[in-house]
Amino acid sequence: MYAVLAGGVGAARFLRGLTAVVPPEEVVAVVNVGDDLDRFGLRVCPDLDSITYWLSGVVHPEQQWGRADESFTVATELERFGHDPWFTLGDRDLATHLHRTMRLHEGAPLSAVTDEVGRAFGLELRLLPATDDRVETRIVTQDGRDLHFQEYWVRERGAPDVAQVRLAGAEHARPAPWVVETLLAADAILVAPSNPVVSIDTILDVPGIREAVGQSPAPVVGVSPIIGGEVVRGMAHRLLPAVGAEVSARGVAAHYGELLDGWVVDERDEDAVDDVAATGVRCVATDTLMDDREVAAQLARSCLRLAAEIGPAA
Ligand code: FO1
């Protein structure tokens, strides 16, 4: 069984590759929920939904979030009442949020609802939210504002300079059911090429998860989300400096520190291999730009090969 620490789009692409290489039912993704927000009274879980829509083939192909063939009738009508459309919910997407919110109001934990949504979309791999408790990624800007991640990323377009990133509510959060067990029992733990700060750290910051990854005998192999000093997508280049990390394949490996046993960088970052290896982390370079499923599958194979070479901790 393979555990994957996963954010949104980059993780979805990686998971598409991994499930082409190993049986999907042997894959469990532990997914970030720090992006989640309440919108019009509905609980929206962008990373869980991006992965679900991507892997079931219904994601909006350009946006890579939300639904393909989407309409915005409800969103448009909501503007009639003066609601600012800064975070738009499409009509098809609304059904997911309505179902999830109804089930949460009935007392179902997010992990149970995530299973229902995954089954409804025919997913064969398992998605686990990092926690069933309410946590929220907050961005403190250098001009002193304290923004929800989505306010920072979507409403402010990621423009403000960031002073600090924190997972609000983490102190009261517990890993969702089966998260710790999955990490301890995994044959390998893979860290998807997601945003290290607002996707991966926000999983590890749930008390008990970082510890479980560290205690697990499974080799931990990550994929650099930075290629040639650049992000593939998103705003990691603006957040890594806020946590004192260099915006490079080597810098992200250093940021993850002793958590990693292996690190896969893009062939454009071949020069980082020796630096990373010098820190005791096994490092290989390959094509990590997952333009299509075959590249993603090859990348997954490289990760599994490296994990097998490292082997379980004694
Ligand atoms: N991103 C935007 O830039 N604008 C939006 O209006 C927007 C709405 C939205 C609704 C549901 C959802 O699951 C995702 C949505 N996103 C939107 C993307 C979202 O910010 C990202 O998926 C992640 O949170 C960051 O990776």
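Atoms within each ligand, like the ligands themselves, are counted from 1 in listed order.
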Practice task
May I ask you to check if ligand 1 and Gln150 share an N or O to N or O distance below 3.5 Å?
Solution key: yes

Handout entry: Close approach, Pro46 and ligand 1, non-hydrogen under 4.0 angstrom
Key = yes

Problem - atom 7 (C) of ligand 1 - nearest protein heavy atom and its distance - result: Trp65 CH2, 3.3 Å

Handout entry: Atoms of ligand 1, numbered as shown, that sit under 4.0 Å from any heavy atom of Trp86
Key = 6 (O)

Practice task
Answer yes or no: is there a donor N or O on one side and an acceptor on the other, between the side chain of Arg13 and the main chain of Met290, under 3.5 Å?
Solution key: yes

Practice task
With heavy atoms of Trp153 as the reference, note each atom of ligand 1 found under 4.0 Å away.
Solution key: 20 (O)

Problem - Main-chain N/O of Ala249 paired with Asp269 side-chain donor or acceptor, under 3.5 Å - result: no

Completion exercise
So the atoms of ligand 1 within less than 4.0 Å of a heavy atom of Leu89 turn out to be 10 (C)

Handout entry: Close-contact set for ligand 1 against Phe149 heavy atoms, below 4.0 Å
Key = 24 (O), 25 (C)

Practice task
Tell me yes or no: between the side chains of Thr137 and Tyr152, is some donor less than 3.5 Å from an acceptor?
Solution key: no

Problem - Val154: numbered ligand 1 atoms lying under 4.0 Å from its heavy atoms - result: 1 (N), 2 (C), 3 (O), 4 (N), 5 (C), 20 (O)

Problem - Side chain, backbone, both or neither: Phe87 near ligand 1, heavy atoms under 4.0 Å - result: both

Fill in the blank from the handout: For atom 8 (C) of ligand 1, the closest protein heavy atom turns out to be Thr88 O, 3.3 Å

Fill in the blank from the handout: Using a 4.5 Å side-chain heavy-atom cut-off and chaining through intermediate ILVMFWY residues, the residues clustered with Val180 come out as Leu184

Practice task
May I ask you to decide if Gly7's main-chain N or O and Ser194's side chain share a donor-acceptor pair within less than 3.5 Å?
Solution key: yes

Problem - Pairs meeting criterion ring pair (Phe, Tyr, Trp, His ring centres under 6.0 Å) with involvement of residues 292-314, two or more places apart - result: none

Exercise for the section: Verify the distance criterion only: is there a donor paired with an acceptor across the side chains of His60 and Glu70 at less than 3.5 Å? Expected result: no

Problem - Asp93 neighbourhood, listing ligand 1 atoms whose heavy-atom distance to it stays under 4.0 Å - result: 11 (C)

Handout entry: Proximal ligand 1 atoms for Asp35, defined as those under 4.0 Å from one of its heavy atoms
Key = 23 (C), 24 (O), 25 (C), 26 (O)

Exercise for the section: Please confirm whether Asp49 comes within less than 3.5 Å of ligand 1 when only nitrogen or oxygen atoms on both sides are compared. Expected result: no

Exercise for the section: Output yes when a side-chain donor or acceptor of Asn32 lies under 3.5 Å from a complementary backbone atom of Ile203, and no otherwise. Expected result: no

Handout entry: Glu116 side chain vs Val113 backbone, donor-acceptor pair below 3.5 Å
Key = no

